[in-house]
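Quantities reported herein were computed from a predicted structural model and do not represent experimental measurements.
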Amino acid sequence: QVQLVESGGGLVQAGGSLRLSCAASGRFFSIHAMGWYRQAPGKQRELVAETTSDGRINYADSVKGRFTISRDNAKNTVYLQMNRLKPEDTAVYYCNADIVRYSSSSYPYNYWGQGTQVTVSS
């Protein structure tokens, strides 16, 4: 089975930085889009940043200019560099990916990681 495993979360003070990593493991043919979502208590899950294999990138307005998403296709890994963190960034961050499991298939399935906690203190 395919798994997405996040790492890099933690507790930081406002203005600090963290880098999240998400690695895809298991059996699959290729990865299309990869991205990061977050969910704060009492709030809906929201898109933070996403990137496709052709290099298109989208950011939430609230993080644009502070966060940078990147990916290493050779390692099947996506990263989220978070700078100038704010208390409002506190949330569980989830990795998300569209993955084609077999070479004979053209349809990607969507997968979620278990999430990693990011807490920013004021």
If you look at every heavy atom in Trp36 and Ser21, which pair is closest and at what distance?
CH2-O, 3.6 Å

Side chains of Val48 and Tyr93: closer than 4.5 Å at any heavy-atom pair?
yes

Do Val100 and His32 have side chains that get closer than 4.5 Å, going by heavy atoms?
yes

Specify the closest pair of heavy atoms between Ala24 and Ile31, including all atoms of both residues, with the distance to one decimal.
CB-CD1, 3.7 Å

Under a single-linkage definition using a 4.5 Å side-chain heavy-atom cutoff for Ile, Leu, Val, Met, Phe, Trp and Tyr, are Phe29 and Val78 assigned to the same hydrophobic cluster?
no

Under 4.5 Å between any side-chain heavy atoms of Ser30 and Arg101, yes or no?
no

Could you tell me whether the side chain of Glu50 and the main chain of Asn58 form a donor-acceptor pair under 3.5 Å?
no

Please name the pair of heavy atoms, one in Ala49 and one in Leu80, separated by the smallest distance, quoted to 0.1 Å.
CB-CD1, 4.2 Å

Stepwise ring pair (Phe, Tyr, Trp, His ring centres under 6.0 Å) check, Trp112 with Tyr37:
CA-CA 10 Å; Trp112 289 95; Tyr37 291 71; 5.0 Å; yes

Residue pair Val120 / Gln13, side-chain heavy-atom distance below 4.5 Å
no

Could you go through Gln39 and Glu46, starting from their C-alpha distance and side-chain angles, then the distance that decides it, and tell me whether this counts as side chain to side chain contact (heavy atoms under 4.5 Å, CB included)?
CA-CA 6 Å; Gln39 188 166 21; Glu46 64 176 351; over 6 Å; no

Could you give the distance from CZ (Phe67) to CZ (Arg19), rounded to the nearest 0.5 Å?
14.5 Å

Going by heavy atoms in the side chains, are Leu18 and Leu85 under 4.5 Å from each other?
yes

Closest approach of Ala40 to Thr90 (non-hydrogen atoms, all atoms of both residues)
CB-O, 3.7 Å

For Arg84 and Arg66 the tightest heavy-atom approach is O-NH1, 3.0 Å

Test item: Asn110 and Asn96 side chains (from C-beta on) under 4.5 Å apart, heavy atoms
yes

Are Tyr59 and Leu20 linked, directly or through other ILVMFWY residues, by side chains that come within less than 4.5 angstrom of each other?
yes

Between Arg71 and Thr52: side-chain donor-acceptor atoms closer than 3.5 Å
no

Could you tell me if Arg45 sits above the aromatic ring of Tyr94, with its cationic atom closer than 6.0 Å to the ring centre and no more than 45 degrees from the axis?
yes

Taking atom types as modelled and ignoring hydrogens, do the side chains of Thr77 and Asp72 form a donor-acceptor contact shorter than 3.5 angstrom?
no

Membership question, hydrophobic clusters at under 4.5 Å side-chain separation (ILVMFWY): are Ile69 and Met34 in the same one?
yes

Shortest non-hydrogen separation from Ala14 to Ser122 and the atoms involved:
CB-CA, 4.5 Å

Point-to-point distance, once rounded to the nearest 0.5 Å, from OG of Ser25 to CD of Gln3:
5.0 Å

Give a yes or no on this: more than 12 heavy atoms of other residues, nucleotides or ligands lie within 6.0 Å of atom CD of Gln114.
no

Please step through side chain to side chain contact (heavy atoms under 4.5 Å, CB included) for the pair Val118 and Met82, ending with a clear verdict.
CA-CA 10 Å; Val118 172; Met82 305 185 293; 3.9 Å; yes

Taking atom types as modelled, is there a side-chain donor on Thr119 or Gln117 under 3.5 Å from an acceptor on the other?
yes

According to a 4.5 Å side-chain heavy-atom criterion applied to Ile, Leu, Val, Met, Phe, Trp and Tyr, with indirect links allowed, do Val2 and Tyr102 form part of one hydrophobic cluster?
no

Contact check, side chains of Ile99 and Pro108, non-hydrogen atoms, under 4.5 Å:
no

